[in-house]
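Report on the structure given below.
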Amino acid sequence: EMKEIGNTTSNISYNYQPTTIDYNTTYTARSTMTPSLRTIATIAAAIAAVLSQAAAQEEQERNFHKRHIPHRPDRPSIREQVTQKHANRRLHLERHLSELKSTISEHTSGRKLLSDEDYNRHLKFVQGLHRKLAALEEKDPRIAQLEIEEEIELQDKMLQGEFLWDMERGELVLKDDLQV
């Protein structure tokens, strides 16, 4: 059937959906490709899709454990963060100890009863917190400063991407340790 489009006429075939109309010729995907070429093109497209997906997944796995934090002036430096964390450790332990003591006192007064297992676990945890607080008080300030410096150094290495995830060990390790 002939139809007029603008000033040109075109053959339009109703058997297939036309993909392009070029003046007097109608092209369809089936008319321009033989079945074997269509099969090859489909297989090639599928292979390309699988390969691109595999490459993207590999790139994502490579970058998964990299930690990149750009410089942000509104955030404290690594040194400030680590020093603050060590300074707050005693306060955190004391607060946790007071919470556990209040839970135990509520149990002994009968206001909020715990199971025997939970009560014993809380008592054991209180003893551990007392031990940690005593160790903090006895720690030499020079040793504490060395620990802070070591942690700062490790944080810097992590930011520079010097650590990798070791699947066999299930932990972060230095790149140099993996190659040995």
Side-chain angles (χ1 to χ4, degrees), residues 41-180:
T42 304
I43 291 172
I47 289 172
V50 168
L51 289 178
S52 67
Q53 183 181 10
Q57 184 176 2
E58 183 179 313
E59 180 70 22
Q60 183 181 12
E61 288 174 359
R62 257 198 318 264
N63 293 330
F64 181 70
H65 293 290
K66 289 183 181 177
R67 182 175 160 206
H68 175 72
I69 299 175
H71 174 68
R72 289 183 45 187
D74 60 326
R75 296 185 113 189
S77 68
I78 292 174
R79 177 172 296 282
E80 292 169 343
Q81 289 176 3
V82 171
T83 306
Q84 188 68 31
K85 182 180 90 170
H86 279 267
N88 289 338
R89 182 170 166 81
R90 174 176 280 115
L91 295 174
H92 175 73
L93 291 174
E94 289 172 349
R95 183 182 53 217
H96 200 93
L97 182 63
S98 68
E99 289 172 2
L100 283 174
K101 283 185 175 181
S102 70
T103 304
I104 291 172
S105 68
E106 286 178 353
H107 171 76
T108 54
S109 68
R111 285 181 288 198
K112 187 175 179 184
L113 294 176
L114 299 171
S115 67
D116 289 339
E117 181 180 322
D118 286 342
Y119 178 72
N120 291 329
R121 188 169 43 86
H122 279 56
L123 286 177
K124 190 174 182 180
F125 204 60
V126 165
Q127 291 172 354
L129 288 176
H130 278 295
R131 184 178 30 86
K132 286 181 181 182
L133 282 169
L136 273 178
E137 290 173 6
E138 294 174 2
K139 187 179 281 188
D140 186 8
R142 293 175 295 183
I143 292 176
Q145 188 60 37
L146 285 174
E147 289 174 353
I148 289 172
E149 295 298 324
E150 183 178 336
E151 186 172 346
I152 291 169
E153 181 181 331
L154 288 175
Q155 288 284 341
D156 283 336
K157 286 182 178 181
M158 186 175 290
L159 284 175
Q160 294 170 4
E162 294 184 29
F163 283 93
L164 291 175
W165 185 258
D166 185 6
M167 297 299 282
E168 294 174 4
R169 295 189 220 173
E171 60 185 9
L172 280 175
V173 293
L174 283 168
K175 287 181 181 177
D176 300 336
D177 293 344
L178 265 181
Q179 295 171 356
V180 174

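Pairs passing the salt bridge (Lys or Arg N to Asp or Glu O under 4.0 Å) check and including a residue from residues 102-114, sequence neighbours excluded, do not occur. Among residue pairs with one or both ends in residues 84-102, those qualifying as salt bridge (Lys or Arg N to Asp or Glu O under 4.0 Å) are K85-E151; sequence neighbours excluded.
With sequence neighbours excluded, the residues forming a side chain to side chain contact (heavy atoms under 4.5 Å, CB included) with T83 are R79, I148, listed by chain and number. E171 meets the salt bridge (Lys or Arg N to Asp or Glu O under 4.0 Å) test with R169; sequence neighbours excluded. Taking the side-chain hydrogen bond (donor to acceptor under 3.5 Å, both in side chains) definition, one finds that Q145 meets it with E149, sequence neighbours left out. The salt bridge (Lys or Arg N to Asp or Glu O under 4.0 Å) check on E147 picks up K139, with sequence neighbours excluded. In this view, E80 and P76, S77 satisfy the side chain to side chain contact (heavy atoms under 4.5 Å, CB included) rule, not counting sequence neighbours.
Shortest non-hydrogen contact noted between H107 and L114 is ND1-N, 2.9 Å.
Summarising the geometry, atom CG belonging to L97 is positioned 11.0 Å from atom NE2 belonging to H92; distances are rounded to the nearest 0.5 Å. Taking OG of S109 as the start and CD1 of I104 as the end, the distance is 12.0 Å to the nearest 0.5 Å.
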Going by atom type alone, with no hydrogens or angles, which donor-acceptor pairs under 3.5 Å involve a side-chain atom of residues 120-133 and a protein atom two or more places apart or on another chain?
| unit_1 | atom_1 | unit_2 | atom_2 | d |
| --- | --- | --- | --- | --- |
| N120 | ND2 | D116 | O | 3.2 |
| R121 | NH2 | D118 | OD1 | 2.8 |
| H122 | ND1 | D118 | O | 2.8 |

